[in-house]
A.B. asks: 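Structure provided below as structure tokens; questions to follow.
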Amino acid sequence: MNADADMTRVSRPLQIVAYVFAVLVGLAFLYPYWWMLVSAFRSTRAIMDDPLRLLPEALDFSIFSEIANIGGVPLARYIANSLAITTASTVLSVVVTALGAYALTRKPHLPGFTALRYGFLVTIMYPYMLLVIPVYLVMFKLGLLGSYSGIILFLALGPIQFFLFEQFFRKIPHEVIEAAIIDGANEAQILFRIVLPMASSITATVALITFLLNWAQWFPVLVISKSPDTYTLPVALLSMNTELGANFQGIMALAVITTLPVAGLFLLAQKRVMEGMAAGAVKG
Amino acid sequence: MTTTLETVWHNRIFYLFVLPFAALTILFGVWPIVLSIAVSFTASATALRPNPTYIGFANYAAIFADPGFLASLARTFIYTAAAVVANVGFAFGMAVLIDSPLLRRGGLLLRLALFLPVVTPDIAGYVVWRWLYDRSFGAINALLDLVGLPAFAGLTTGLTATISLLIAELWHHAGFYMLIFHANLAIRDRALEEAAHVDGATTWQRWRYVILPQLKPAFIINTVYALIQFLKTFTVVVVMTKGGPNEATNFVTHYAYQLFDQGRYGEATAMASVLFAIVIGISLSIYRMGDKEAGR
């Protein structure tokens, strides 16, 4: 105890240096958010005159009605697409990955299971951006191009979801399952009455992380879409940013709409998100 | 002696559980990869037809004879090396600072500030950075001007554009590597440090011989993740530079995508295969190195 106290004794000046440094780094990381938010309320003209102003001249929400229609599609539709695609792909991902990881963890040596595991590992090692291109061909062959289901199905597959579930299922003691078998439970009962009730916390973590990750997805959405009708907010933002003579204030306003929901969700559940992402990553 | 078929039938419920996962993995993982590799052996003009013309390794020969691709590959390696060192180094420093008794309170706040960009949609983050670098709108040059420093050319010259991408990507990714380091620092065996302290070890010796060896897995994981991440650098290029100025930021994934966009499917998919081989090769050799040292 004494040694510990001695070891962690800190000098005052060093502590001040550490705090100043920490505050500077923290502000540098957060400043882009503030600048984005303030710029959404300032006219393009005003920003060019004074890019550093920390507060808008006036709280003017008119920009949000100005971008109510982007590229011929209502802003509300992009928001609805984002919510629908992210929610559906999250639910699908949780169900499919939980069942898959459970089967692969319980019976790793069944015929075909090792091959499936390798297939999955190769898939997540493949450069994602370059995988999306042949996925376009697959979607074409399956007739899913331009459809919501194509986008949702593709977004349901992810590494961190699988690793989190796999880790959890591995930690369930064999005795628990053996006892249930001796009591005459069949495999469906073991899964639905014993394993899944134990897994509620990890399921919430996986769902949360999947939602955050899938909200940000853009390339698969862009590639599988045939028209802006199925674009999500990040894709709408990208296409707005690529336009010539870009509306700077509108871009910042759309960036705010794209960022705010997930930033808020993260801050509300930061402990669960960070613990889950650390745990899911450590199993590489 | 049971046959394979009997084993499968006996365990049919597990096959039922795994079926949706297997379907997604095969349809949207294995099949596109096989398709991509197959296309890389066909003539681009016939690649999408039912009966493509197979031309052996001609696409591979073509890309390795393409100075644009070789330059793009070299550029990708240099950028990746710089980004891995910058991200892992910065993340390690931040994790140590957050974990240290110097920041009694405030450690969590710094952790949140560093991690928020990780869950921020990358498009939104990079769009904001693109404009921050802008000469007339951007806050960066306005700030440099305010404190009397020379202007930063940002996305307008090759070297500064590369640095600009690196900073924006560090902002987006470093929080994740910090998280891994921090998690590993938090679970380290503190009794060992006390023992070392009682034995008269200096702070430097404590770090060098007690703490750093325990962080080795975190260094390996972070290095592999960062290597894979930055070899694939794409989104930031699409948002901020489109490969310019003068090809200075045209990394392999973006170069391959440009070819794909021009209908040069064979060469684009050959590049994908090459990048895939590089990613697998690097990851496996680093894991091997780690295993060997751990087994010593």
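Naming convention: chains lettered A, B, ... in sequence-line order (proteins, then strands); numbering from 1 in each chain.
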A.B. asks: Answer with side chain, backbone, both or neither: which region of A/Leu238 has an atom nearer than 4.5 Å to a non-hydrogen atom of chain B?
C.D. replies: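 Contact with chain B: backbone and side chain both.
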A.B. asks: Hey, which of B/Thr7, B/Leu27, B/Ile98 has the most heavy atom pairs under 4.5 Å with chain A?
C.D. replies: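 Between B/Thr7, B/Leu27, B/Ile98, the count favours B/Leu27.
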A.B. asks: Do A/Ser82 and A/Tyr231 have a side chain donor and acceptor closer than 3.5 Å?
C.D. replies: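 A/Ser82 vs A/Tyr231: no donor-acceptor pair found between side chains.
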A.B. asks: Evaluate the ring pair (Phe, Tyr, Trp, His ring centres under 6.0 Å) criterion for residues B/Tyr257 and A/Phe219: first the C-alpha distance (whole Å), next the side-chain angles of each, then the deciding distance (0.1 Å), finally the verdict.
C.D. replies: CA-CA 12 Å; B/Tyr257 182 63; A/Phe219 197 45; 5.3 Å; yes
A.B. asks: Given a strict heavy-atom distance threshold of 4.5 Å, which part of A/Tyr33 is in contact with chain B: side chain, backbone, both, or neither?
C.D. replies: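 Side chain only.
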A.B. asks: Side chain, backbone, both or neither: which part of A/Arg53 has an atom under 4.5 Å from a heavy atom of chain B?
C.D. replies: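 Neither part, no heavy atoms under 4.5 Å.
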A.B. asks: Under 4.0 Å between a side-chain nitrogen and a carboxylate oxygen: does that hold for B/Asp134 and B/Arg130?
C.D. replies: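 A salt bridge is absent here (no side-chain N lies under 4.0 Å from a carboxylate O).
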A.B. asks: Among B/Tyr265, B/Tyr126, B/Phe17, which has the most heavy-atom pairs under 4.5 Å with chain A?
C.D. replies: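 The option with the most such pairs is B/Phe17.
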A.B. asks: Could you look at A/Tyr102 and say if it's the side chain, the backbone, both or neither that has a heavy atom under 4.5 Å from chain B?
C.D. replies: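 Looking at A/Tyr102, just its side chain touches chain B.
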A.B. asks: I'd like to verify something: which residue of A/Leu110, A/Leu92, A/Leu157 has the highest number of heavy-atom pairs under 4.5 Å with chain B?
C.D. replies: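 It is A/Leu110.
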A.B. asks: Could you tell me how the ring of B/Phe230 sits relative to the ring of B/Tyr177: parallel (under 30°), tilted (30 to 60°) or perpendicular (over 60°)?
C.D. replies: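 B/Phe230 vs B/Tyr177 ring planes: tilted.
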A.B. asks: Side chain, backbone, both or neither: which part of A/Val95 has a non-hydrogen atom closer than 4.5 Å to chain B?
C.D. replies: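 Contact with chain B is absent: no heavy atom of A/Val95 under 4.5 Å.
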A.B. asks: Let's test your reading of the structure: which of B/Ile13, B/Val30, B/Leu103 forms the most heavy-atom pairs below 4.5 Å with chain A?
C.D. replies: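 Greatest number of close heavy-atom pairs with chain A: B/Leu103.
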A.B. asks: Between A/Leu142 and chain B, with a heavy-atom cut-off of 4.5 Å, which part of the residue counts as in contact: side chain, backbone, both or neither?
C.D. replies: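 For A/Leu142, side-chain heavy atoms alone lie under 4.5 Å from chain B.
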A.B. asks: Sort out for me which residue in B/Val127, B/Ile140, B/Ile167 forms a side chain to side chain contact (heavy atoms under 4.5 Å, CB included) with B/Leu132.
C.D. replies: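 Single side chain to side chain contact (heavy atoms under 4.5 Å, CB included) partner of B/Leu132 among B/Val127, B/Ile140, B/Ile167: B/Ile140.
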A.B. asks: I'd like to know if the side chain of A/Gln249 reaches the main chain of A/Ala40, judged simply by a donor and an acceptor atom lying under 3.5 Å from each other, with no hydrogens or angles considered.
C.D. replies: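 Side chain of A/Gln249 to backbone of A/Ala40: a pair is present.
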A.B. asks: Name the member of B/Val39, B/Asp122, B/Val118 that forms the most heavy-atom pairs with chain A at distances under 4.5 Å.
C.D. replies: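 Highest number of heavy-atom pairs under 4.5 Å: B/Asp122.
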A.B. asks: Which bit of A/Tyr126 is near chain B, if near means a heavy-atom gap under 4.5 Å: side chain, backbone, both or neither?
C.D. replies: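 When you check distances to chain B, atoms from both the backbone and side chain of A/Tyr126 fall under 4.5 Å.
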A.B. asks: May I ask you to check whether over 12 heavy atoms, not counting those of A/Tyr136, lie within 6.0 Å of atom OH?
C.D. replies: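 No, OH of A/Tyr136 has 12 or fewer neighbouring heavy atoms, counting only those of other groups under 6.0 Å.
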A.B. asks: Just give me the residue among A/Leu153, A/Val122, A/Leu212, A/Leu30 that pairs up with chain B most often, heavy atom to heavy atom, under 4.5 Å.
C.D. replies: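 Top option by heavy-atom pairs under 4.5 Å: A/Leu153.
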A.B. asks: When heavy-atom pairs shorter than 4.5 Å are enumerated against chain A, which of B/Leu116, B/Leu109, B/Leu35 gives the highest number?
C.D. replies: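 Most heavy-atom pairs within the cutoff with chain A belong to B/Leu116.
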A.B. asks: How about B/Phe260 and B/Tyr255: are their ring centres within less than 6.0 Å of each other?
C.D. replies: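 Ring centres of B/Tyr255 and B/Phe260 not closer than 6.0 Å.
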A.B. asks: Go through the atoms of A/Thr44 and report whether side chain, backbone, both or neither lie under 4.5 Å from a heavy atom of chain B.
C.D. replies: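 Both parts, backbone and side chain.
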A.B. asks: Contact part of A/Met274 toward chain B, heavy-atom cut-off under 4.5 Å: side chain, backbone, both or neither?
C.D. replies: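 Both backbone and side chain.
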A.B. asks: Measure distances from A/Phe120 to the heavy atoms of chain B and classify the residue's part below 4.5 Å as side chain, backbone, both or neither.
C.D. replies: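 Both backbone and side chain.
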A.B. asks: Go through the atoms of A/Ala188 and report whether side chain, backbone, both or neither lie under 4.5 Å from a heavy atom of chain B.
C.D. replies: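 Interface part for A/Ala188: both.
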A.B. asks: Taking the basic N atoms (NZ, or NE/NH1/NH2) and the acidic carboxylate oxygens, is any pair closer than 4.0 Å for B/Arg190 and B/Glu194?
C.D. replies: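 Salt bridge absent between B/Arg190 and B/Glu194.
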A.B. asks: For each of A/Gly119, A/Ser93, A/Ala156, A/Pro111, tally heavy-atom pairs with chain B at distances under 4.5 Å, and name the one with the top tally.
C.D. replies: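 Answer, by heavy-atom pair count under 4.5 Å with chain B: A/Pro111.
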A.B. asks: Which pair of non-hydrogen atoms, one from A/Met252 and one from B/Trp131, has the smallest distance, and what is that distance?
C.D. replies: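 Between these two residues, the closest heavy atoms are CE-CD1, 3.6 Å.
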A.B. asks: Decide if atom OH of A/Tyr31 counts as having more than 12 heavy atoms of other residues, nucleotides or ligands within a radius under 6.0 Å.
C.D. replies: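 It does: A/Tyr31 OH has more than 12 such atoms within range.
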A.B. asks: Less than 4.5 Å to any heavy atom of chain B: does that hold for the side chain of A/Leu254, its backbone, both, or neither?
C.D. replies: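 When you check distances to chain B, no heavy atom of A/Leu254 falls under 4.5 Å.
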A.B. asks: Tell me whether B/Arg12 at atom CZ has more than 12 heavy atoms from other residues, nucleotides or ligands lying less than 6.0 Å away.
C.D. replies: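 Above 12, so yes.
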A.B. asks: Tell me, out of B/Thr253, B/Asn11, B/Leu16, who's got the most heavy-atom pairs with chain A below 4.5 Å.
C.D. replies: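 Ranked by contacts with chain A, first place is B/Asn11.
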